[in-house]
Amino acid sequence: KAFMEFEGEMTEEKFINMNLEFEAANADAFEVHPKAIMVDISGRDVTHFDNVDKALGLTRSDELTYESISDKVIHIDEARDKIMFESGYMLAITDILARAEDAQKSPLAIEQGDQALKS
C-alpha cells in the first residue's frame with residue numbers, strides 16, 4: 001500500500017494514522033550510503049564549520065569567524081521563525097503531534113480532541 005492511499009475523504013484522523021503507520025513501517029529504512037562522509041557538527045564553535053569544510057573539500061577565509069558567520073545567519077533564522085510562528089504552523093503541528101501521541105495510547109483520543117475543539 002502506497003503512503004498516500006486512503007479511502008473516502010481525507011480527515012485529520014486519517015492523516016495522523018497514515019503518518020504514524022508510515023513512521024512505524026519505515027523506522028529502519030535509512031541506511032548509511034557507502035560513499036557518505038560522517039561529520040561531527042556538535043561543536044558550538046568554528047570547529048563544526050571546519051569539519052564540514054573538510055568533508056566537502058571547501059576552503060574558507062580565515063577572516064570568517066564563527067561569530068561573523070553566526071551574525072549573518074541569525075537574521076535569516078529570526079525571519080524564518082517569525083514567519084513560521086505568525087502562520088500558526090507551530091500551534092497546529094503541536095496540537096497534531098499531541099493528538100497523535102494520545103492516539104497511540106487510546107484510539108478515542110482523536111475523536112475526543114475533535115469534540116473538545118467543537119465545544
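One is the number of the first residue; the rest follow in order along the sequence.
Taking CG of Asp81 as the reference point, atom CD of Glu86 lies at 11.0 Å (rounded to 0.5 Å). With rounding to the nearest 0.5 Å, the separation of CD1 in Ile16 from CE in Met18 is 11.0 Å. Distance check, rounded to the nearest 0.5 Å: CG of Asn19 to CG of Leu97 gives 9.5 Å. Here OG1 of Thr65 is found 11.5 Å from CG of Asp45. Values are rounded to the nearest 0.5 Å. Taking OH of Tyr89 as the reference point, atom OG1 of Thr94 lies at 8.5 Å (rounded to 0.5 Å). To the nearest 0.5 Å, atom CG of residue Asn51 and atom CG of residue Leu56 are 11.0 Å apart.
The number of heavy atoms from other shown groups lying within 6.0 Å of NZ (Lys14) is above 12.
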query: Ile83 and Glu78: side-chain contact (heavy atoms from CB on, under 4.5 Å), yes or no, with the steps?
result: CA-CA 9 Å; Ile83 291 167; Glu78 288 171 349; over 6 Å; no
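Two different hydrophobic clusters hold Phe15 and Ile93 under the rule that ILVMFWY side chains link at heavy-atom gaps under 4.5 Å. Ile41 and Phe49 fall into different hydrophobic clusters, where Ile, Leu, Val, Met, Phe, Trp and Tyr residues are linked whenever their side-chain heavy atoms come under 4.5 Å apart, directly or through other members. Residues Val73 and Leu64 share a hydrophobic cluster, clusters being chains of Ile/Leu/Val/Met/Phe/Trp/Tyr side chains in contact below 4.5 Å.
Relative ring orientation between His48 and Tyr66 is described as perpendicular, the plane-to-plane angle rising above 60° on a 0-90° scale split at 30° and 60°.
Taking each heavy atom of Ala36 and Val32 in turn, the nearest pair found is CB-CG1, 3.9 Å. Taking each heavy atom of Val39 and Ala55 in turn, the nearest pair found is CG2-CB, 3.4 Å.
With respect to the salt-bridge test (charged N to carboxylate O, under 4.0 angstrom), the residues Arg99 and Asp95 qualify.
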